[in-house]
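Encoded as structure tokens, the structure appears first; notes follow it.
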Amino acid sequence: MKATVLEEEGNYIKVLFEDITPDVANAIRRTIMLDVPTLAIENVTIYDNTSALFDEIVAHRLGLLPLPTDLETLVFREDCACDDEGCPNCTVHYTVSKEGECTVYSGDLDAEDASWAVVDEKIPLLRLNKGQRIILEAEAILGTGKQHAKWQPASGIGYTYYPEITVTDDCNGCRACVDICPRDVLGMKGAKAVVKDLEACSLCRSCVEECGRNAITVEGDPTRIIFTFESDGSLPPRVILTEALDILHYKYKALAESL
């Protein structure tokens, strides 16, 4: 299997896998969703909450915040030598102390170290009216999407076959396929339609349906798959993909040894 990064910008990545099958691509997708560990708030101690929201709602919103994750530093709490006491090797602490009138944002979480500050500081958590306040402590630990969705590191994970578009000599240059394409994949060269952005094709086949001369065919190559997803910011997308591939490799190796 060969992997080539086609696009990588911010939290988005687009990768071309070659010499692959759809079941392996789906295994990568599921591994990213379920097995790649990230940091998320698990335990919340609320000392004072006079806002309009129940403690449980506040805790739930805190748990869904994306937090920076360092897989080289942190270990799973159940595997830590602290015996589930919560030490710097497995637990990150946050505090919030705010009094209204104001909106409490994710950036109001004070991390025990600046390196653990929340990824996005502008996520609204709750509104405090005049005289209302919220005081709490929170513990964040490593987990996986198998345990809860808050530990899923990415969203919009999908894949599609690499497109193969053929325009035959039967094309009469009517532009029907060019005009109908929703992604501007096709263009004109003289009196014939040509492909100008192959990887933008979504295999919708609108061009095929529009062409009255059967001069264009669109197929997908199941051995070449375009894989895309967006990180929530807890881990860079390249790290997420690499971690997922390492986890899959370990699982396949363990299966082969057991067999």
Side-chain angles (χ1 to χ4, degrees), residues 1-36 38 66 119 145 152-249 251-252:
M1 183 178 72
K2 178 183 177 182
T4 305
V5 177
L6 301 178
E7 184 180 346
E8 186 176 13
E9 182 177 356
N11 291 330
Y12 175 81
I13 193 169
K14 181 178 182 181
V15 181
L16 171 63
F17 287 107
E18 299 179 81
D19 297 324
I20 193 176
T21 56
D23 54 308
V24 175
N26 191 50
I28 296 173
R29 180 187 69 86
R30 290 180 60 84
T31 302
I32 290 176
M33 292 176 58
L34 302 178
D35 293 320
V36 176
T38 59
V119 173
Q152 289 184 359
S155 60
I157 311 172
Y159 58 89
T160 183
Y161 294 161
Y162 196 86
E164 295 179 338
I165 303 176
T166 303
V167 181
T168 69
D169 292 336
D170 293 330
C171 177
N172 63 355
C174 69
R175 291 188 59 91
C177 60
V178 176
D179 296 334
I180 198 66
C181 180
R183 294 197 171 188
D184 201 26
V185 174
L186 302 171
M188 295 297 298
K189 186 176 181 180
K192 185 179 180 180
V194 294
V195 179
K196 66 177 186 180
D197 190 0
L198 180 61
E199 291 174 1
C201 179
S202 63
L203 302 176
C204 70
R205 294 182 172 83
S206 297
C207 55
V208 177
E209 297 172 1
E210 189 70 13
C211 180
R213 302 174 63 88
N214 296 322
I216 185 169
T217 59
V218 177
E219 301 292 340
D221 184 353
T223 66
R224 304 176 73 202
I225 291 178
I226 297 176
F227 197 94
T228 61
F229 68 90
E230 184 174 350
S231 165
D232 67 353
S234 57
L235 287 167
R238 188 182 291 254
V239 173
I240 293 174
L241 183 58
T242 302
E243 188 71 18
L245 293 174
D246 287 343
I247 292 171
L248 264 182
H249 176 74
K251 287 185 174 182
Y252 288 145

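What you see below is based on every heavy atom in this structure, not just the backbone, and it leaves out hydrogens, waters and symmetry mates.
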Would you check if [X] and [Y] make a side-chain contact, meaning some heavy-atom pair closer than 4.5 Å?
{"X": "M188", "Y": "R175", "value": "yes"}
{"X": "P222", "Y": "T21", "value": "no"}
{"X": "V195", "Y": "L186", "value": "yes"}
{"X": "C204", "Y": "P182", "value": "yes"}
{"X": "V5", "Y": "L16", "value": "no"}
{"X": "Y162", "Y": "E18", "value": "no"}
{"X": "T160", "Y": "S202", "value": "no"}
{"X": "P237", "Y": "F229", "value": "yes"}

Rounded distance (nearest 0.5 Å) linking atom [atom1] of [X] with atom [atom2] of [Y]:
{"X": "D179", "Y": "S206", "atom1": "CG", "atom2": "OG", "value": "12.5 Å"}
{"X": "I180", "Y": "C211", "atom1": "CD1", "atom2": "SG", "value": "12.0 Å"}
{"X": "K14", "Y": "E9", "atom1": "NZ", "atom2": "CD", "value": "12.5 Å"}
{"X": "L241", "Y": "S231", "atom1": "CG", "atom2": "OG", "value": "11.5 Å"}
{"X": "T223", "Y": "D19", "atom1": "OG1", "atom2": "CG", "value": "6.5 Å"}
{"X": "R213", "Y": "C174", "atom1": "CZ", "atom2": "SG", "value": "8.0 Å"}

Nearest heavy-atom neighbours spanning [X] and [Y]:
{"X": "C207", "Y": "V218", "result": "SG-CG2, 3.6 Å"}
{"X": "A193", "Y": "V178", "result": "CB-CG2, 4.3 Å"}
{"X": "C171", "Y": "A215", "result": "N-CB, 3.5 Å"}
{"X": "A244", "Y": "T31", "result": "O-CG2, 3.6 Å"}
{"X": "V36", "Y": "I240", "result": "CG2-O, 3.9 Å"}
{"X": "N214", "Y": "T168", "result": "O-OG1, 4.4 Å"}

Evaluate side chain to side chain contact (heavy atoms under 4.5 Å, CB included) for L198 paired with I165, printing each intermediate quantity in order. CA-CA 8 Å; L198 180 61; I165 303 176; 3.9 Å; yes
Residues forming a salt bridge (Lys or Arg N to Asp or Glu O under 4.0 Å) with [X], sequence neighbours excluded:
{"X": "D35", "value": "K146, K251"}
{"X": "D169", "value": "K192"}
{"X": "R205", "value": "E219"}
{"X": "D23", "value": "none"}

What pairs with [X] under side-chain contact (heavy atoms from CB on, under 4.5 Å), at least two apart in sequence or on another chain?
{"X": "N26", "value": "R29, R30, Y159"}
{"X": "S234", "value": "T38, T69, P153, D232"}
{"X": "D197", "value": "A200"}

Listing request: all side-chain hydrogen bond (donor to acceptor under 3.5 Å, both in side chains) pairs with a residue in residues 180-191, at least two apart in sequence or in separate chains.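 Sorted pair list: D184-K196.
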Would you sort out whether L6 and V15 count as a side chain to side chain contact (heavy atoms under 4.5 Å, CB included), showing the intermediate values? CA-CA 5 Å; L6 301 178; V15 181; over 6 Å; no
I157/Q152 under side chain to side chain contact (heavy atoms under 4.5 Å, CB included): CA gap, chis, key distance, verdict: CA-CA 11 Å; I157 311 172; Q152 289 184 359; over 6 Å; no
Any pair counted as ring-ring contact (aromatic ring centres under 6.0 Å, His included), so long as it reaches residues 182-203, sequence neighbours left out: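 Not a single pair qualifies under ring-ring contact (aromatic ring centres under 6.0 Å, His included).
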Which residue pairs satisfy the ring-ring contact (aromatic ring centres under 6.0 Å, His included) criterion with at least one member in residues 189-219, sequence neighbours excluded? none
F17: ring-ring contact (aromatic ring centres under 6.0 Å, His included) partners, not counting sequence neighbours: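 Once residues adjacent in sequence are excluded, the partners of F17 under the ring-ring contact (aromatic ring centres under 6.0 Å, His included) criterion are F227.
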Sorted by first residue and then second, give each salt bridge (Lys or Arg N to Asp or Glu O under 4.0 Å) pair with at least one member in residues 233-243; sequence neighbours left out.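 Every salt bridge (Lys or Arg N to Asp or Glu O under 4.0 Å) pair that includes a residue of residues 233-243, provided the two are not neighbours, is E8-R238.
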